[in-house]
J.: 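Quick one: the structure is below, questions incoming.
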2 protein chains.
Amino acid sequence: MTDCKRSRCPVACTLDLLGDKWTLLVVRDLLFGRHTFKELQASAERIPSNILADRLKRLEREGILRKQLYQERPPRYAYHLTDKGRSLGPVLHAMLSWGSTHVPGTLNKEEIDALLNAE
Amino acid sequence: MTDCKRSRCPVACTLDLLGDKWTLLVVRDLLFGRHTFKELQASAERIPSNILADRLKRLEREGILRKQLYQERPPRYAYHLTDKGRSLGPVLHAMLSWGSTHVPGTLNKEEIDALLNAE
DNA sequence: TCCAGTCACTTTCAAAATGAAAGTGACTAA
DNA sequence: TTAGTCACTTTCATTTTGAAAGTGACTGGA
C-alpha cells in the first residue's frame, strides 16, 4: 500500500508486475533458455522491440532478472532470471497446463517436450 | 492458429484470454464467492465499471463464466464460473503464492484465510 | 579503407485500450 | 411523486501499444 499498489492482495500485486500480454512470455523464454535480446525477439509471438526493451527494464528493476555483459567489444548482453524470477515457474506451469487443456489448437505437453528436445 | 492466436503456445494463448490487469481479479472474486456486478465492483481494487462490463462479456464469450438471471422484476444477474473457469484455480493459487512470498506488503495466506472467514 | 551486415536497442507516430465520470433505464419502496 | 438501487453504457482525455524506421557501436570482407 505504501508504494501505490492497488491493494494488499498478492494476486493483484502479482498482476501489477506481470499482468499483461507480454511480460510472462519473456519469463517463459528465459526459463526455456533464451537469453539475448535477439533470441527473445525471435520467439513465435514476435514481440515488438520497443515492448521487449521496456519489459526487460521493468523486470530488471523488479529483481526478476539480471542483465549481464558477457562480452565487451562488441558489447553483448545476456538476461538471466534471478531466484525470484525462476520461482515464477509454477505460475507458468499452471498457465501452460490450463491453456493446453482448455484452448483448442495449442500444443500439448508431449508436443512441447518434443520441440524442446529438438532444439 | 486458425483463429488468429499469436502462436500455438498454451501460455501465450492463455495470456491472450487472461493477460491483463483485471481479468484474473474478476475470476478471483468469482472463486471467492462474489457474484453480482455490484459485488464485483466493490472489491478493493475498484475496477472501473466499463472495464468490468467488458471483461464479463469476454469471459462469458470464452465459456469461463455464465451470466444468469436469478430474479426478474427487477432483473438481477449473477455471474458464475463454469468448470473451465473454476479450473483456473491453480493459476490463481500459483500467483497468490508467488505474490505472497515475493511482493512485500501483501497479505500472507493466514491473513487471507482470516479475512475470508470474517466475511 | 570502404562498405555491408549484425546486435541491441531507441524513436516516431497512429491506433487501440484504459479509466474517471456522468448518464441511462428499469424497477421499487416510501 | 420521488428518491434510491442496480446494472450497466457513454463520453472523452490520457496512456499504452505496436509497426516501422532509425541509431550507434562494432566486425569481417573486398
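Note that this is a predicted model, so its numbers are computed, not measured. Quick note on labels: first sequence line is chain A, next is B, and so on, each numbered from 1.
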J.: Salt-bridge test for A:Glu45 and A:Arg28: reply yes if a basic N is under 4.0 Å from a carboxylate O, no otherwise.
T.: yes
J.: Taking A:Lys21 first and then B:Asp20, would you say they form a salt bridge - that is, a charged N and a carboxylate O separated by under 4.0 Å?
T.: no
J.: What pairs of residues pass the salt bridge (charged side-chain N to carboxylate O under 4.0 Å, His left out) test when at least one of them lies in residues 58-74 of chain B, not counting sequence neighbours?
T.: B:Asp54-B:Arg58
J.: Using a 4.0 Å heavy-atom cut-off, write out nucleotides 8-23 of chain C from 5' to 3' as B (base contacted by protein), S (sugar-phosphate only) or - (no contact).
T.: SBBBB-----SBBBB-
J.: Cut-off 3.5 Å, side chains only: do B:Arg55 and B:Thr23 have a donor facing an acceptor?
T.: yes
J.: Under 3.5 Å, side chain of A:His35 to main-chain N/O of A:Ala78, donor-acceptor pair present?
T.: no
